[in-house]
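Letters A, B, ... mirror the listed sequences (proteins, then strands); counts begin at 1. FYI, side chains are in, hydrogens and waters are out, and symmetry mates aren't considered; it's all heavy atoms of this structure.
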There are 2 protein chains.
Amino acid sequence: MKEKELRRTLAVLPIGTVIKLTDLTARQIRYYEEQGLVTPKRNKGNQRMYSLNDVDRLLEIKDYLADGMNIAGIKYVYQQQQADQQAQKQRPVTDDDVRRILHDELLAAGGLDHHDQRASLYHQNPKK
Amino acid sequence: MKEKELRRTLAVLPIGTVIKLTDLTARQIRYYEEQGLVTPKRNKGNQRMYSLNDVDRLLEIKDYLADGMNIAGIKYVYQQQQADQQAQKQRPVTDDDVRRILHDELLAAGGLDHHDQRASLYHQNPKK
DNA sequence: AAACAAATGTGAGAAAAGCTGACATAAATC
DNA sequence: GATTTATGTCAGCTTTTCTCACATTTGTTT
């Protein structure tokens with residue numbers, strides 16, 4: 001997984017932050033979770049921790065609802081997407097895939113901005 | 001400012017998250033702030049909120065300290081960097097700069113992954 | 001219209017996390 | 001051996017988050 005994606009999946013945002021970022025209420029956010037639309041991690045104290053991807057997901061949900069779709073509909077959309085992804089995994093790799101993957105790898109290799117090798121968010125050092 | 005940079009400057013991480021990310025103690029993090037090495041924002045409840053850039057800064061500080069540098073030294077380094085940036089601002093724009101800027105802009109224009117135009121993390125909608 | 005379901009509001013009581021300020025301590029430096 | 005530097009620890013208080021329950025609103029169904 002590329003470092004940018006990693007950063008987007010890090011569950012580091014408490015619900016208060018998500019409230020500000022999405023302009024949803026805590027009640028709404030927890031309700032959408034109850035409905036299985038988002039699944040935040042929990043910290044040691046059992047508090048919900050969200051990733052940037054979760055925030056995007058919540059903004060999407062907000063949009064869908066504003067469009068008149070109901071939660072059952074949204075649930076269906078996400079189930080469908082997941083099914084698509086599963087199917088994708090079965091599909092054999094084409095030449096075109098190879099080219100695209102190679103291209104992505106090159107971008108990733110050149111795009112890092114770590115300050116040095118000793119300590120980094122994404123590659124933890126062994127404890128001393 | 002490009003959206004990636006924007007994301008890195010968003011002060012959304014409470015100290016508990018930063019502790020996990022940096023493996024520093026709360027005491028250390030607050031002490032470095034006391035020494036002017038980081039300046040987290042505060043939320044409405046007066047709690048410190050850190051950005052990803054702040055986290056990088058803290059990891060840097062950790063490295064410097066591990067290298068035997070003391071806080072006065074680190075302070076000096078950051079003052080120096082800030083002075084450099086100030087000087088940079090005075091300098092006129094060269095042809096090379098223009099090329100680099102144009103290149104960055106193009107990358108940014110093609111690299112966005114917003115789901116749609118209505119709601120987004122980085123361009124808030126007007127309240128209804 | 002009455003009843004129902006969906007989505008959200010609201011409040012209580014408890015737990016977790018964060019704050020400041022003070023004092024303690026280990027290691028390095030004078 | 002006295003100071004300074006960097007960090008640990010504790011106490012008392014505030015803020016945030018948790019779950020659970022009940023209320024309200026709006027659109028749909030009998």
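- In this structure, B/Ile61 places its CD1 atom 17 Å from P of D/dT5, rounding to the nearest Å.
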Output one line per pair: protein atom, nucleotide atom from nucleotides 4-7 of chain C, and distance, for all N/O pairs under 3.5 Å.
residue, atom, partner, partner atom, Å
C/dA7, OP1, A/Ile71, N, 2.9
C/dA7, OP2, A/Tyr31, OH, 3.3

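- Considering all non-hydrogen atoms of both residues, A/Ile61 and A/Val38 come closest at CD1-CG1, 4.3 Å.
- Across all non-hydrogen atoms, the minimal contact from A/Gln35 to A/Lys75 is O-CE, 3.3 Å.
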Given side chain to side chain contact (heavy atoms under 4.5 Å, CB included), test B/Ile71 with B/Tyr31 step by step and report yes or no. CA-CA 10 Å; B/Ile71 290 199; B/Tyr31 181 63; 3.6 Å; yes
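- Considering all non-hydrogen atoms of both residues, A/Met49 and A/Pro40 come closest at O-CB, 3.6 Å.
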How does each nucleotide of nucleotides 16-27 of chain C score, in 5' to 3' order, for protein heavy atoms under 4.0 Å: base (B), sugar-phosphate only (S), or none (-)? SSSSB-------
After noting the C-alpha distance and the side-chain angles of A/Asp56 and A/Arg8, does the key distance pass the side chain to side chain contact (heavy atoms under 4.5 Å, CB included) rule? CA-CA 10 Å; A/Asp56 274 353; A/Arg8 293 187 63 79; 2.3 Å; yes
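- Side-chain contact, B/Gln81 with B/Tyr76: no donor N or O sits under 3.5 Å from an acceptor N or O.
- A/Asp54 has no carboxylate O lying under 4.0 Å from a charged side-chain N of A/Lys41, or vice versa, which leaves the two without a salt bridge.
- Nearest heavy-atom pair across B/Pro14 and A/Val12 is CD-O, 4.0 Å.
- Annotation for B/Arg30 and B/Arg48: closest pair CD-NH2, 3.3 Å, computed over non-hydrogen atoms.
- A donor-acceptor pair is defined here as one N or O able to donate and one able to accept, closer than 3.5 Å; such a pair exists between the side chain of B/Lys62 and the backbone of B/Thr22.
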Between the protein and nucleotides 26-30 of chain D, list the N/O to N/O atom pairs that are separated by less than 3.5 angstrom.
none

